[in-house]
2 protein chains.
Amino acid sequence: MAQPSARTLTRERLAAAALTVLEREGLAGLSMRKVAAEAGVQAASLYWHVRDKEELLDLLADAVIADAVPPPRTGDWREQYLEYGRRYRALLLAKRDAAKVVAGRLTTGPRVLAVLEDQLDRLREAGFADADAAMASYLLSAYVQGFVLQEQSPLSAAEAAGASRGQVAHAAGETFRALPAETYPNLVALADDLTDPDMDTRFEFGLHRLADGLAALLE
Amino acid sequence: MAQPSARTLTRERLAAAALTVLEREGLAGLSMRKVAAEAGVQAASLYWHVRDKEELLDLLADAVIADAVPPPRTGDWREQYLEYGRRYRALLLAKRDAAKVVAGRLTTGPRVLAVLEDQLDRLREAGFADADAAMASYLLSAYVQGFVLQEQSPLSAAEAAGASRGQVAHAAGETFRALPAETYPNLVALADDLTDPDMDTRFEFGLHRLADGLAALLE
DNA sequence: ACCTGAACACCGTTCAAGT
DNA sequence: ACCTGAACACCGTTCAAGT
């Protein structure tokens, strides 16, 4: 196939420009004009390669998770399932606003398909029925996307304004503790647990529950 | 407290106007100008009641889930946990783009706090440790939000253009089936399972896995 | 085939000015 | 205290025109 010359615009170069802008300005700051400028072209030119901004975001979503790599085939299916979840989360956390970009978008890049294929293979091999393997895969991505979406968005105006996660969590804890104990005894008692900013532990907890719940299907 | 006269703008009336616009135009079509018009006021007036659009979206998120109601205290904790999940999903599905509005936003309306309080009470009563009860609650909302986010967003440009979910799912199934079977044997074999448009069944599957995984903590 | 210039309708937000 | 009018900088998208 004909190699596009160094300066011609392609969908790949468009996706790369969009990724750069995303990293620099966040999803809210990503405009067609800025992506065009990053690609060294006028805004109107993008519409030759892409129907609209929505389609550009599809390209961006593919680019965001293009680095997906299946975990090694070591340990049992459970350990490998956990590892899929951890890697997906890490992939999303690595790029600014990645969860917002990916959430609710169908990505079918070849790398993603390869990872999905591999994951299904391992689940079936572990003994899951076809439908259960498909569901287990969907379940994992819904959980990870939902989790990282929360994790990546500022908890409040305060955090957006520059306060650290720990500070915001502490303030939230104070809010719970300050609630009337007669009406909200549990919120007051669990204030610390509810606002614990250790996201790794939280993520692992959910991931293990999923794996345990799936394991019960094999008994 | 002084009753605001019928025509004065309040944060409550602002939230109600935003909700109306959301239902009519979707989140992408929700602008400060349209919300102002709906409230019978000029766009600039909103900034007296609200710092910026972000804060208006916070109000909107509260309004979206203000109707939350805890399930009846019948059956064991597991059945009640499932029911919390079902109701949360139903609440989000009832309002256009609700998952996108709520996802990654901290809502602390009194109704939501009451439901959370009640949920924690039941989990602790069932025997969960404090930290586990807090995690179980967070896990449920991450899962439901992640799930409905997928469910509520158009799977593709085709669906946005008016094709039914079933048609899109069928087309996606065709795509998987058409893949080279040597490279993607599992995607080809599970094409139907992966693209099954029955979202209720999918949701229930995940929900039961969560509940089973949590149940294992009590043994 | 691919890109530009100019335009259109529409944004979020600010601010002096009104009542 | 609350709202308006007008303005600013910035959007996504279209389209005739260029090469």
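Letters A, B, ... are given to chains in the order of the sequence lines, protein chains preceding strands, and every chain is numbered from 1.
- For A:His49, the NE2 atom sits in a packed shell: over 12 heavy atoms of surrounding residues, nucleotides or ligands are nearer than 6.0 Å.
- Between A:Tyr138 and B:Phe147, the ring planes lie perpendicular to each other; the angle is over 60°, past the 30° to 60° tilted range.
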For the pair A:Glu83 and A:Arg122, evaluate salt bridge (Lys or Arg N to Asp or Glu O under 4.0 Å) and give the outcome as yes or no after the intermediate values. CA-CA 12 Å; A:Glu83 199 54 28; A:Arg122 300 187 200 188; over 6 Å; no
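- Nearest to the side chain of B:Ser45, among D:dT4, C:dG5, C:dC3, sits D:dT4.
- We find that CE of A:Met32 is positioned 21 Å from P of C:dA7, with the value rounded to whole Å.
- Taking only side-chain atoms of A:Arg33, from C-beta outward, the nucleotide of D:dC2, D:dG12, D:dT4 with the closest atom is D:dG12.
- Whole-Å rounding puts the B:Asp52 CG to C:dT14 P distance at 8 Å.
- Residue A:Trp48 has its side chain nearest to C:dC2 when only C:dC11, C:dT14, C:dC2 are considered.
- The backbone N or O of B:Pro70 sits nowhere less than 3.5 Å from a side-chain atom of B:Gln80 that would complete a donor-acceptor pair.
- For the atom pair CG of A:Asp118 and OH of B:Tyr184, the computed distance is 11.5 Å after rounding to the nearest 0.5 Å.
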For DNA chain D, just give me the dot-bracket, please: Watson-Crick or G-U, both distances below 3.5 Å, ( ) intra-strand, [ ] crossing earlier pairs, | paired with another strand, . unpaired. ||.|||||...|||||.||
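- Between A:Ala44 and A:Lys34, the residue anchored closer to the 5' end of DNA chain D is A:Lys34, taking for each the nucleotide with the nearest heavy atom.
- Of the candidates D:dT14, C:dG5, D:dT4, D:dT4 carries the atom nearest the B:Gln42 side chain, counting heavy atoms from C-beta on.
- Counting to the nearest Å, the P atom of D:dC15 and the OH atom of A:Tyr47 are 13 Å from each other.
- Distance, B:Leu46 CG to C:dC11 P: 13 Å, rounded to whole Å.
- The CG atom of A:Leu30 sits 20 Å away from the P atom of C:dC11 (whole-angstrom rounding).
- The cationic atom of A:Arg86 (NZ for Lys, CZ for Arg) does not lie both less than 6.0 Å from the six-membered ring centre of A:Tyr84 and within 45° of the ring axis.
- If you measure from atom CG of A:Leu57 to atom C1' of D:dG12, you get 12 Å, rounded to the nearest angstrom.
- When only modelled atom types and interatomic distance are considered, B:Tyr88 and B:Gln145 share a side-chain donor-acceptor pair under 3.5 Å.
- Nucleotide D:dG12 holds its P atom 12 Å from the CD atom of A:Glu54, rounded to whole Å.
- Atom C1' of nucleotide C:dT13 and atom NE2 of B:His49 are separated by 16 Å, given to the nearest angstrom.
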